[in-house]
Amino acid sequence: MKWISGWLLLLSISVEVWSVPIDRNAAQQVPKEEVQEENMDTGLYYDRYLREVIEVLETDPHFREKLQTANTEDIKNGRLSKELDLVSHHVRTRLDELKRQEVSRLRMLLKAKLDSTNTQSLQMDHASLLKQFEHLDPHNQNTFEAKDLELLISTATKDLENYDAERHEEFKRYEMLKEHERREYLKSLDQEKREKEEKRMQELKEKHRQHPKVNAPVAAGSLGGDRWTGSSGPFSFFHVNGVLIYSLFHLDTNEDGVLDEQELEALFTKELEKVYDPKNEEDDMMEMEEERLRMREHVMKNVDTNKDRLVSLEEFLKSTEKKEFSNPKEWETLENKPVYTEEELQRFEAELRDKEEELKRRAESLHQEQELLRERGKALEAQRREYQQAVLEMSQRQKEQQAVDGQPPAGPNGELQFQPQTQKPEDKEAKAPAEPEAEAQNNLPAEPPQNLPLHT
């Protein structure tokens with residue numbers, strides 16, 4: 001998928017890049033079939049959709065051939081999108097499926113956003129809401145057309161071109177926050193401890209400044225000179241002005257004949273190691289990555305003549321003809337080039353104070369709501385106990401009234417409970433003499449039938 005770098009300028013930027021020193025021997029030991037290209041996340045919210053579309057298009061031989069012969073301008077102005085009509089049927093079918101999945105995902109995001117703002121009761125107009133997403137055609141939600149490819153290219157290019165600026169701004173805020181915390185920490189100390197700590201910090205700062213000279217990136221000194229010797233192929237080394245330089249093609253990990261920004265950054269590691277060591281307290285690795293970004297931008301500005309974010313061998317050799325290559329200026333590191341002014345720091349601290357006040361207000365509001373809920377809970381608990389007491393008293397009164405009226409007692413749910421009555425001893429004695437009388441009455445002759453005819 002390396003050709004994607006030259007196409008959308010998409011994989012030439014990663015969210016975080018951690019370059020390591022190049023080990024020529026290690027590179028020779030790894031079998032070619034085991035080297036896999038690492039897919040960096042572009043940081044775009046539609047990154048997965050973008051990658052899947054690219055992977056599907058890459059499977060079509062016709063489109064891939066057109067892509068390899070197209071220049072960056074043809075791609076960016078949308079002329080390549082017209083080739084979509086010539087791809088195979090199964091590729092178009094798969095692209096249609098990907099678009100429907102992306103539309104479904106965006107609908108779920110919109111619903112979640114509406115739910116979070118308590119507007120879920122409103123009728124959603126998906127067609128209108130989808131217009132806020134620029135990387136696809138919202139009017140056609142079922143098929144992937146040439147317009148979708150054109151929108152995907154233009155949107156991704158625009159988003160990624162702003163990525164470096166966003167990284168610089170993020171680093172500036174990181175540095176201002178670090179300085180703010182340093183000052184607040186010193187304020188919290190008494191005078192003696194503060195003076196001692198300020199002295200220690202200044203010593204660390206001076207220690208960080210004591211590093212060897214750093215050459216400008218892609219200069220004769222920064223490329224390592226004759227650091228490596230030998231040959232591993234026809235393009236392993238080449239000479240420029242008598243200086244032995246490590247070949248572009250050895251750094252070209254995917255062997256496509258050009259260097260993207262990640263491959264270029266491997267060149268900067270040697271110079272950066274002069275300034276930054278993760279084991280040293282005085283060295284900040286966040287500053288190292290900012291330095292790496294600045295070096296990469298410097299190279300692209302001075303070497304990438306066609307502005308496609310790729311460096312070809314021809315462009316690189318042309319850059320070596322410049323005076324700056326043989327006699328490079330010393331690279332101005334961050335400690336000599338502050339990334340913010342005192343005025344910017346004051347504005348940043350004012351923003352922090354405003355945010356802290358807002359957080360305090362929200363915390364106080366939440367505390368008051370918590371107290372209110374606690375009081376309501378206490379009131380509800382007291383009310384529940386009153387109801388329970390009232391129910392018990394009512395049940396007791398019912399039992400007493402039933403005892404007075406001679407009614408059977410009521411059960412737990414108000415039902416009547418009948419119990420067999422046992423005879424008292426005196427009742428049995430009173431009934432005993434009456435038994436012979438009852439037996440005598442049983443022995444009396446039956447009365448003669450009435451209304452019978454009389455015989456003379």
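Throughout, numbering of the chain's residues begins at 1 and tracks the sequence. As a basis for the values below, the full set of heavy atoms in this structure was taken, side chains included, without hydrogen atoms, waters or symmetry mates.
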Q191 atom CD, over 12 foreign heavy atoms within 6.0 Å: no

Determine yes or no for a side-chain-to-main-chain donor-acceptor pair under 3.5 angstrom, with S365 supplying the side chain and R361 the backbone. no

Specify the closest pair of heavy atoms between M285 and P278, including all atoms of both residues, with the distance to one decimal. CE-N, 3.6 Å

Short side-chain donor-acceptor distance under 3.5 Å, E206 and Q202: yes

K158 and E134 ion-paired at < 4.0 Å: yes

Matching residue for E287 among V275, L334, T333, V339 - test: side chain to side chain contact (heavy atoms under 4.5 Å, CB included): L334

Between the CD atom in E271 and the CD atom in E291, the distance rounded to the nearest 0.5 Å is 11.0 Å

Could you go step by step and tell me if K213 and K274 meet the side chain to side chain contact (heavy atoms under 4.5 Å, CB included) rule? CA-CA 8 Å; K213 174 185 174 181; K274 297 178 180 179; 5.8 Å; no

Just checking, any donor-acceptor pair under 3.5 angstrom between side chains of Q389 and R384? no

Report, as yes or no, whether the 6.0 Å neighbourhood of atom CD on E65 holds more than 12 heavy atoms from other residues, nucleotides or ligands. no

Could you label the plane-to-plane angle of the H208 and Y276 rings as parallel, tilted or perpendicular, counting under 30° as parallel and over 60° as perpendicular? tilted

From F171 CZ over to Y340 OH, what is the distance, rounded to the nearest 0.5 angstrom? 9.5 Å

Under the side chain to side chain contact (heavy atoms under 4.5 Å, CB included) rule, what do L44 and T155 come out as? Steps first, then yes or no, please. CA-CA 10 Å; L44 304 175; T155 304; over 6 Å; no

Once you round to the nearest 0.5 Å, how far does CG of L98 lie from CG of L136? 12.0 Å

Within the 3.5 Å criterion, strictly below it, is a donor on Y174 or E170 matched to an acceptor on the partner's side chain? no

Regarding R200 and E197, does a basic nitrogen lie under 4.0 Å from an acidic carboxylate oxygen? yes

Does any N or O in the side chain of K322 come within less than 3.5 Å of the main-chain N or O of N302, such that one atom is a donor and the other an acceptor? yes

Main chain of V87, side chain of R92: is a donor-acceptor contact present, judged purely on distance under 3.5 Å? no

Is the closest side-chain donor-acceptor distance between D159 and Y45 under 3.5 Å? no

If you take all heavy atoms of M176 and L345, which pair is closest and at what distance? O-CD1, 3.6 Å

Might you confirm whether atom CZ of R376 has over 12 heavy atoms from other residues, nucleotides or ligands at distances under 6.0 Å? no

I'd like to know if E192 and K196 make a salt bridge, using a cut-off of under 4.0 Å between side-chain N and carboxylate O. no

Decide, yes or no, whether a salt bridge links E369 with R362 under the criterion of side-chain N to carboxylate O below 4.0 Å. no

Below 4.5 Å, heavy atoms only, C-beta onward: do E371 and Q368 meet side chain to side chain? no

Less than 4.0 angstrom from a charged side-chain N to a carboxylate O is my criterion; do E97 and R94 meet it? yes

Looking only at atom types and distance, does a side-chain atom of K99 sit under 3.5 Å from a main-chain N or O of N140, one as donor and one as acceptor? yes

Gap separating the CG atom of L50 from the CD atom of E55, nearest 0.5 angstrom: 10.0 Å

Using a strict cut-off of less than 4.0 Å between a Lys/Arg side-chain nitrogen and an Asp/Glu carboxylate oxygen, indicate whether E351 and R173 qualify as a salt bridge. yes

Compute whether any side-chain donor of one residue and acceptor of the other, for E145 and T143, lie under 3.5 angstrom apart. yes

Under a 4.0 Å N-O cut-off, is there an ion pair linking E297 with K301? no

Please give me the minimum heavy-atom distance between N142 and R100, naming the atom from each residue. O-NH1, 2.8 Å

Any side-chain heavy-atom pair of D190 and R194 under 4.5 Å: no

Carboxylate-amine/guanidinium proximity below 4.0 Å for R292 and E289: yes

Can you see which heavy atom on R183 is nearest to which on E349, and at what distance? CD-OE2, 4.3 Å

In plain terms, say whether E282 and K205 are close enough for a salt bridge, that is, a side-chain N and a carboxylate O under 4.0 Å apart. no

Does one side chain, of H180 or E175, offer a donor that lies under 3.5 Å from an acceptor on the other? no

May I have the step-by-step check of side chain to side chain contact (heavy atoms under 4.5 Å, CB included) for N336 and R209, ending in yes or no? CA-CA 9 Å; N336 300 319; R209 292 177 181 272; 3.0 Å; yes

Electrostatic pair E179:R182 at N-O distance under 4.0 angstrom: yes

Begin from the C-alpha positions of R107 and Q141 and carry the test side chain to side chain donor-acceptor pair (under 3.5 Å) through to its verdict. CA-CA 11 Å; R107 285 177 174 174; Q141 303 179 16; 2.3 Å; yes

Okay, side chain of D137, backbone of K147: is any donor-acceptor separation there less than 3.5 Å? no

Would you say the side-chain atoms of S154 pair up with the backbone N or O of L151, donor to acceptor, closer than 3.5 Å? yes

Kindly say whether V91 contributes a backbone atom to a donor-acceptor pair with the side chain of D60 at under 3.5 angstrom? no

Checking the side chain of E315 only, and the main-chain atoms of T305 only, is there a donor and an acceptor separated by less than 3.5 Å? yes

Please check if the side chain of N280 supplies one atom and the backbone of D283 the other of a donor-acceptor pair under 3.5 Å. no

Cationic N near anionic O, under 4.0 Å, E344 to K172: yes

Going by atom types alone, do T93 and D96 pair a side-chain donor with an acceptor below 3.5 Å? no

